[in-house]
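A quick write-up on the structure given underneath.
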Amino acid sequence: MPLCYSPTSAAAASASPAAARSGGLHRRSRTAPAVVRCKKIASLGGAINGALPCIPVSARSLLSPVTLPILQDPNMRNDTRLRIFSGTANPFLSQEIASYLGLELGKIKIKRFADGEIYVQLQESVRGCDVFLVQPTCPPANENLMELLIMIDACRRASAKNITAVIPYFGYARADRKSQGRESIAAKLVANMITEAGANRVLVCDLHSSQAMGYFDIPVDHVYGQPVILDYLASKTICSNDLVVVSPDVGGVARARAFAKKLSDAPLAIVDKRRHGHNVAEASITTVMNLIGDVRGKVAVMMDDMIDTAGTIAKGAELLHQEGAREVYACCTHAVFSPPAIERLSSGLFQEVIITNTIPLKEEKHFPQLTILSVANLLGETIWRVHDDCSVGHEPYSSLDID
């Protein structure tokens, strides 16, 4: 069955101010962040008797309800200092963020010349404004990165007071250290470029490693997409006794452990991958997969920050089935999905593949097991808190206590 994706779900949140007031909200009610296989996940609705909306969870469910706060400022629509501009990388997410904030996207002209050069012109004044530029550096990474840099430069030259680069997916994040001699650290280089272009602050979602925040010489707000996935898993009311969280590799243990802690302190399992056959041709190298932990008869949730070619997570799923797992779910924030990821993920190994929309996914990459959740509310709330000089350290979305 094809998966349908509609960017209009967030717009409904601010469609009727009168309705919002009658529900106890000053500005809008929270909407569900996802579209699942041609069906919208039901809206959480507005506040009832002053209580925040949350997903109903049965006594057998995975965790306590996770809710996002509702903005309490009735004058947000009249705040002309806050401007949201979108690049060409993910305009649907940008529109959802603007709708959550009750704003229109800023007018901007972006075009490419015949020789590939990028032209950017703001179509409205931003003098003295707090500007947020939404542009993930997803594939094609170099094109989108250069576009972001030129957007920042255009805002700086237009006398914007503050420029925040909102980067839902930070490309080159995996090049964050030297694992061999004579290698570059591209993550630091990209951080320097964004800073030198004129950005005053960066907002990122689920960096590959948190140490990359230190590469920036400007403030960095780092939010996590996993709480959006936690909310969705809570709605499935899987018994916590049947659940086990699995790290697809040793490097993701801290992330999986923090995720398991949020799921009623679920048990943790680790897939240990080792290569045998050093100093031989690549074709002769054999990979041995070992499982640390018990998954027999359980629902295994594999958690990672991104899925690229899906080789590691697919081999891990095969091992989990061999070890007796009843069902296997794959969860990640960033769906890079380089070939042959779609073939591997849709091969029947996974009951469901749960991702977020930090990276836009073309329709031809959709498959029946795919579920897309939106991080628009999460990013929109963080943008407002940054603009309003409030703390963004609000549970549940600011931290997963990752060591």
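- Taking each heavy atom of Leu379 and Pro168 in turn, the nearest pair found is CD1-CG, 4.0 Å.
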Please table the atom pairs, donor to acceptor, closer than 3.5 Å between any side-chain atom in residues 190-199 and protein atoms at least two apart or in another chain.
residue: Asn192; atom: OD1; partner: Lys188; partner atom: NZ; Å: 3.2
residue: Thr195; atom: OG1; partner: Ala191; partner atom: O; Å: 2.9

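- Only one option out of Val120, Leu105, Leu133 pairs with Phe85 in a side chain to side chain contact (heavy atoms under 4.5 Å, CB included); it is Leu133.
- Under a 3.5 Å cut-off, the side chain of His334 and the backbone N or O of Cys138 do not form any donor-acceptor pair.
- Considering only heavy atoms from C-beta on, Val271 stays 4.5 Å or farther from Lys315 through its side chain.
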Please determine whether side chain to side chain contact (heavy atoms under 4.5 Å, CB included) holds for the pair Phe132 and Ile97, giving the CA-CA distance in whole Å, both sets of side-chain angles, and the decisive distance to 0.1 Å.
CA-CA 11 Å; Phe132 292 82; Ile97 292 172; over 6 Å; no

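- Checked by atom type and distance alone, the side chain of Asp294 pairs as donor or acceptor with a backbone atom of Arg296 at under 3.5 Å.
- In this structure, the side chains of Met302 and Leu320 come closer than 4.5 Å at one or more pairs of heavy atoms.
- The existence of a salt bridge linking Lys273 and Asp249 is excluded, since no basic side-chain nitrogen approaches an acidic carboxylate oxygen closer than 4.0 Å.
- At a cut-off of 3.5 Å, with distance as the only test, a side-chain donor of Asn142 or Tyr172 sits close to an acceptor on the other residue.
- Ring geometry, Tyr119 versus Phe113: the interplanar angle exceeds 60°, so the pair is classed perpendicular (tilted spans 30 to 60°).
- Contact check for Pro227 versus Asp231: no side-chain heavy atoms found under the 4.5 Å cut-off.
- Checking side-chain atoms of Gln135 against main-chain N and O of Ala165 turns up no donor-acceptor pair under 3.5 Å.
- Taking 4.5 Å as the limit, every side-chain heavy atom of Leu203 sits out of range of all side-chain heavy atoms of Val386.
- Asn90 places a side-chain N or O within donor-acceptor distance of the main-chain N or O of Asn357, the cut-off being under 3.5 Å.
- A side chain to side chain contact (heavy atoms under 4.5 Å, CB included) with Lys107 is found for one member of Arg83, Glu124, Gln121 and no other, namely Glu124.
- Put simply, the side chain of Arg326 never gets that close to the backbone of Val299: no donor and acceptor are under 3.5 Å apart.
- When side chains are defined from C-beta on, Lys298 does not count as touching Asp242, because their heavy atoms never get closer than 4.5 Å.
- Within the 6.0 Å centre-distance limit, the rings of Phe216 and Phe170 are counted as a close aromatic pair.
- Judged purely by atom type and a 3.5 angstrom limit, Arg255 uses its side chain to pair as donor or acceptor with the backbone of His208.
- His222 places a side-chain N or O within 3.5 Å of a backbone atom of Leu207 that can act as its donor or acceptor partner.
- With rounding to the nearest 0.5 angstrom, the OG1 atom of Thr371 is 6.0 Å from the CD1 atom of Ile354.
- Counting non-hydrogen atoms of neighbouring residues, nucleotides and ligands closer than 6.0 angstrom, the CD atom of Glu104 reaches no more than 12 such neighbours.
- With hydrogens and angles ignored, the 3.5 Å screen pairs a side-chain donor or acceptor of Lys365 with a backbone N or O of Phe337.
- Counting heavy atoms from C-beta on, the side chains of Val353 and Leu370 come closer than 4.5 Å.
- Distance check: Leu230 CG to Phe259 CZ gives 4.5 Å after rounding to the nearest 0.5 Å.
- Checked by atom type and distance alone, the side chain of Asn200 never pairs as donor or acceptor with a backbone atom of Thr164 at under 3.5 Å.
- Between the side chains of Ser86 and Ser94, a donor-acceptor pair is found at a separation under 3.5 Å.
- Using a distance-only test at 3.5 Å, with no hydrogens or angles considered, a donor-acceptor pair links the side chain of Arg344 to the main chain of Thr309.
- The two residues Ala160 and Val131 come nearest to each other via the heavy atoms CB-CG2, 3.8 Å.
- Legend: salt bridge (Lys or Arg N to Asp or Glu O under 4.0 Å) pairs involving residues 160-184, not counting sequence neighbours, sorted by first then second residue: Arg174-Asp308.
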